[in-house]
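Heads up, the thing below is written out as C-alpha cells.
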Amino acid sequence: MSNRDTLFSAPINKLGDWTFDERVAEVFPDMIQRSVPGYSNIISMIGMLAERFVKANTQVYDLGCSLGAATLSVRRSLQAEGCKIIAVDNSPAMIERCRRHIDAFRAATPVEVIEADIRHLPIENASMVVLNFTLQFLAPDDRLTLLQRIYQGLNPGGALVLSEKFSFEDTDVGELLFNMHHDFKRANGYSELEISQKRSMLENVMLTDSVETHKARLRQAGFEHSELWFQCFNFGSLVALKAG
Ligand SMILES: C[S@@+](CC[C@H](N)C(=O)[O-])C[C@H]1O[C@@H](n2cnc3c(N)ncnc32)[C@H](O)[C@@H]1O
C-alpha cells in the first residue's frame, strides 16, 4: 500500500524547485495516480506494447523509471526469451525503493536497476525504450540528443514509448484541457492550496512541449514514424518507430 500524498497540504513558506527526493519517493504511487490522468492505463498498455515489440535476446530500457511501474508491466507481459530490462533513474531515493519493489516479484526476465543520468547512459541492442513522463524533466536543449541516442540504440523495428504532459498551440483547447486536469485533481482529493503549491514548484523544472513539437523532434532524431496512441486531457503517450 502506498502512503497518501499530503506533502503540500499545509502552506509552505519558501517553495523551492521540485526534486524527486525521499519525501516524494515515499508517496509517489499515490501522487502520480491522483495527478496524471490515464496513468494506470498507460502503464498496463506499455505491457501490451512490450508483447508486440520486444524481441528475443534484446534489451528494454525504462528511462526515469522512478519505482519501476513500467518495468514491472513490461516484465509481466514479456513472452520473448533471453531479454533484459534496464531501469534507470538518477534519484537515489527512487532507485533504492525501485530495487526493493522489483525484488518483491519473481520473474524469468532479469532487471538491472541503475542509478545514473539517462543523458549519459549507453543504449544498445534495444527493441523497446520507455520514457514515461521523464523527458519533460530534461532541459529542452538536452531532449533531441537523448532521442538521437535512443534511435541509434534501437534495433530496426524497435519502438520508443514517450509519455508526457502536453502544452497546446490552440490556446482555447489548452485552457479547456488545463481546467479539466485541474478538475481531475480536485476530484482526487487535492485542495486548491496543494494544487497551486505543487504547480509553482514544478514550474521551473517541468517544461512541456506540444504534440507537434514532440513529433518534429522525433523526426529530427531519426524516427521514421510517430503517433499519439493515448491521450487524456493534457496528458498522453506517443509511440515512435525505427523502420524495420
Ligand atoms: C515523473 S517521474 C517518471 C515516472 C515513471 N517513469 C513511471 O512510469 O512511474 C520522472 C522520473 O525521472 C527521473 N529523472 C529526471 N531526470 C533524470 C535524468 N536526467 N536521469 C535519470 N532520471 C531522471 C526522476 O528522478 C523521476 O524519478
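First listed ligand is number 1; within each ligand, the first listed atom is number 1.
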Donor-acceptor pair, distance only, cut-off 3.5 Å: does the side chain of [X] make one with the backbone of [Y]?
X	Y	answer
Ser73	Gly47	yes
His181	Ser35	yes
Arg217	Leu147	no

Glu192 bridged to Arg199 by N-O distance under 4.0 Å
no
Assess whether atom CZ of Arg100 is packed by more than 12 heavy atoms of other residues, nucleotides or ligands within 6.0 Å.
yes
Atom CD of residue position Glu175 - does it have more than 12 heavy atoms of other residues, nucleotides or ligands inside 6.0 Å?
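Not buried by this count: 12 neighbours or fewer within 6.0 Å.
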Give one line per pair: atom of ligand 1, protein atom, distance. Only N/O to N/O under 3.5 Å.
residue	atom	partner	partner atom	Å
ligand 1	6 (N)	Gly64	O	2.8
ligand 1	6 (N)	Asn132	O	2.9
ligand 1	8 (O)	Asn132	ND2	2.8
ligand 1	9 (O)	Tyr39	OH	2.5
ligand 1	19 (N)	Asp117	OD1	3.0
ligand 1	20 (N)	Ile118	N	3.0
ligand 1	22 (N)	Asn90	N	3.2
ligand 1	22 (N)	Asn90	OD1	3.2
ligand 1	25 (O)	Asp89	OD1	2.6
ligand 1	27 (O)	Ser66	OG	2.8
ligand 1	27 (O)	Asp89	OD1	3.3
ligand 1	27 (O)	Asp89	OD2	2.7

